[in-house]
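FYI, side chains are in, hydrogens and waters are out, and symmetry mates aren't considered; it's all heavy atoms of this structure. Convention: sequence-line order gives letters A, B, ...; per-chain numbering from 1.
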Protein chains: 2
Amino acid sequence: MRAGERAYRELRADIVSWRLTPGQVLGEVDLSERLGISRTPVREALSRLTADGLTEPHNGRGVVVSAISAGDVRALYELRDSLDCRAAELAAQRGDRDTFRALAEELSHAAEALSDDPDHPAYYELVDRMDAEIDHAAGNPYLQQALANVRLHLARVRRLSTSNPRRLAIAAAEHEAIARSIAEGDPALAVATTRVHLKNALGNALRTPELAPVSPVAS
Amino acid sequence: MRAGERAYRELRADIVSWRLTPGQVLGEVDLSERLGISRTPVREALSRLTADGLTEPHNGRGVVVSAISAGDVRALYELRDSLDCRAAELAAQRGDRDTFRALAEELSHAAEALSDDPDHPAYYELVDRMDAEIDHAAGNPYLQQALANVRLHLARVRRLSTSNPRRLAIAAAEHEAIARSIAEGDPALAVATTRVHLKNALGNALRTPELAPVSPVAS
DNA sequence: AACAAGGGTTGTGTATACAAAAGACGGGGA
DNA sequence: TCCCCGTCTTTTGTATACACAACCCTTGTT
């Protein structure tokens, strides 16, 4: 694989998983030595990260990992509400009903899988698959790209949120409701179920204590 | 100014203004010679353009200017509807009423300015200012960035659309209605007026004959 | 002792050289 | 005559070298 691509994915994973914390300065020389590649692909990776909003230019000198505050989470959910509701609405109009019926069925059995694994990878894989199916059903590449960007930032928040089994069980039921409303081809209901889910998800995300109340200046 | 930044803006302007047409292959060496800079900043500019969606990787070999079809315009307006309506809604909740009252007043007098200039720069400047005020009032940087991306693509379409004075006069009235609903602090009305405007704007944009009916493969 | 000026150090922006990979073209064989 | 394979060219991907700018530390002066 191309070195620049590898560097980008590695750094992105480090940021999303909070191995790199906000305020961390990313110098080109440091990274090129740490990753064993030259500065050129490192520069490419850093400019892509900055375009994604995961890093910010730092006083004209390098880039730093962006902070993410409770206000950012609210703003992200505001945008996500617009995008997810529209995607669900379109999916209900255009999607394949059997696909979403099958997803709803799987989600109804997800409660058992929740207690199996400590990090619940099977559940998150299922949610990711549903997101992908909604994207595909909406059939709108611009909407899809905007959603991908929002999900990137939200993945960062999710790694911080406490994923207690109780909330996950409720979330699974909410996802099932969304899938069923899409399967029934009911756009208005798809919007409503999505909105309900996002309202609860935001409430849960804001319960994260590690979130800075306001965007802190990286010191 | 940095050479990469200049190259990016120049190429972006060329694409948006259709001086570079879809399918045009952008080679790094060609561009570096044409712009009088080395390949390094050219590469940066091209990767940013590709991230914006204005260019696409071409068979693993360089990039080409993206095509934009009637389907793309529909998809863009689907996304724009979600984003603009939400922005107008938030602006109606959070915005400064006097600002939008003043904008509405200016727009009500825009009809006269429409006949003055062949390309109507004063009118478009006013619309851009209103967009900026809505962005500011919404106070959501993520929404703002998503909107900027959509507007970039729509600017490309607008350069192709026939801007007949009749349509522009109607559009000005629609914008005035949006500004007034925001000034009155009525979120639901702001959404409604925005949606009306977008519906008409889409109809006008789709009347552009140069738009490929489906996304053509660049030959 | 504090502040300012200057030099050194560090890091980015750009250019260029080198390497690698992916078509294009031609030759040879069936 | 057509197809396949090898080589060749062209273009991208990566490395490195150089130039310039910003910060920091030191030193001298007030």
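- Regarding B:Leu46, its CG atom lies at a distance of 13 Å from the C1' atom of D:dT11, rounded to whole Å.
- By the 4.5 Å heavy-atom criterion applied to side chains, B:Leu103 and B:Glu176 are not counted as neighbours.
- Pairing each heavy atom of B:Ala110 with each of B:Tyr123, the nearest pair is CB-CD1, 4.4 Å.
- Under 4.0 Å is where a charged nitrogen must lie from a carboxylate oxygen, and between A:Arg129 and A:Glu133 no such pair does.
- In this model, no donor atom of one side chain and acceptor atom of the other lie less than 3.5 Å apart for A:Ser38 and A:Ser32.
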Review item, nucleotides 11-20 of chain C N/O atoms under 3.5 Å of protein N/O:
residue, atom, partner, partner atom, Å
C:dG11, O4', A:Arg61, NH2, 3.0
C:dT12, OP1, A:Glu28, N, 3.4
C:dT12, OP2, A:Glu28, N, 3.4
C:dG13, OP2, A:Arg43, NH1, 2.6
C:dG13, OP2, A:Arg43, NH2, 2.9
C:dG13, N7, A:Arg39, NH2, 3.0
C:dG13, O6, A:Arg39, NH1, 3.1
C:dT14, OP1, B:Ala3, N, 2.4
C:dA15, OP2, B:Ser38, N, 2.7
C:dA15, OP2, B:Ser38, OG, 2.8
C:dA15, N7, B:Thr40, OG1, 2.9
C:dT16, O4, B:Thr40, OG1, 3.4

Could you spell out the base pairing of DNA chain D in dot-bracket, with Watson-Crick or G-U pairs whose two distances are under 3.5 Å, [ ] crossing and | to another strand? ||||||||||||||||||||||||||||||
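- For D:dA22, the OP1/OP2 oxygens have no side-chain nitrogen or oxygen of A:Asn59 closer than 4.0 Å.
- Between the side chains of A:Ser161 and A:Thr208, at least one donor N or O lies within less than 3.5 Å of an accepting N or O.
- Of all non-hydrogen atoms in A:Glu89 and A:Ala190, the two that sit nearest each other are N-CB, 4.5 Å.
- Qualifying ring pair (Phe, Tyr, Trp, His ring centres under 6.0 Å) partners for A:Tyr77, counting only residues two or more places apart in sequence or in other chains: none.
- Between B:His175 and B:His197, the ring planes lie tilted relative to each other; the angle falls in the 30° to 60° range.
- Counting to the nearest Å, the C1' atom of C:dT10 and the NE2 atom of A:His58 are 14 Å from each other.
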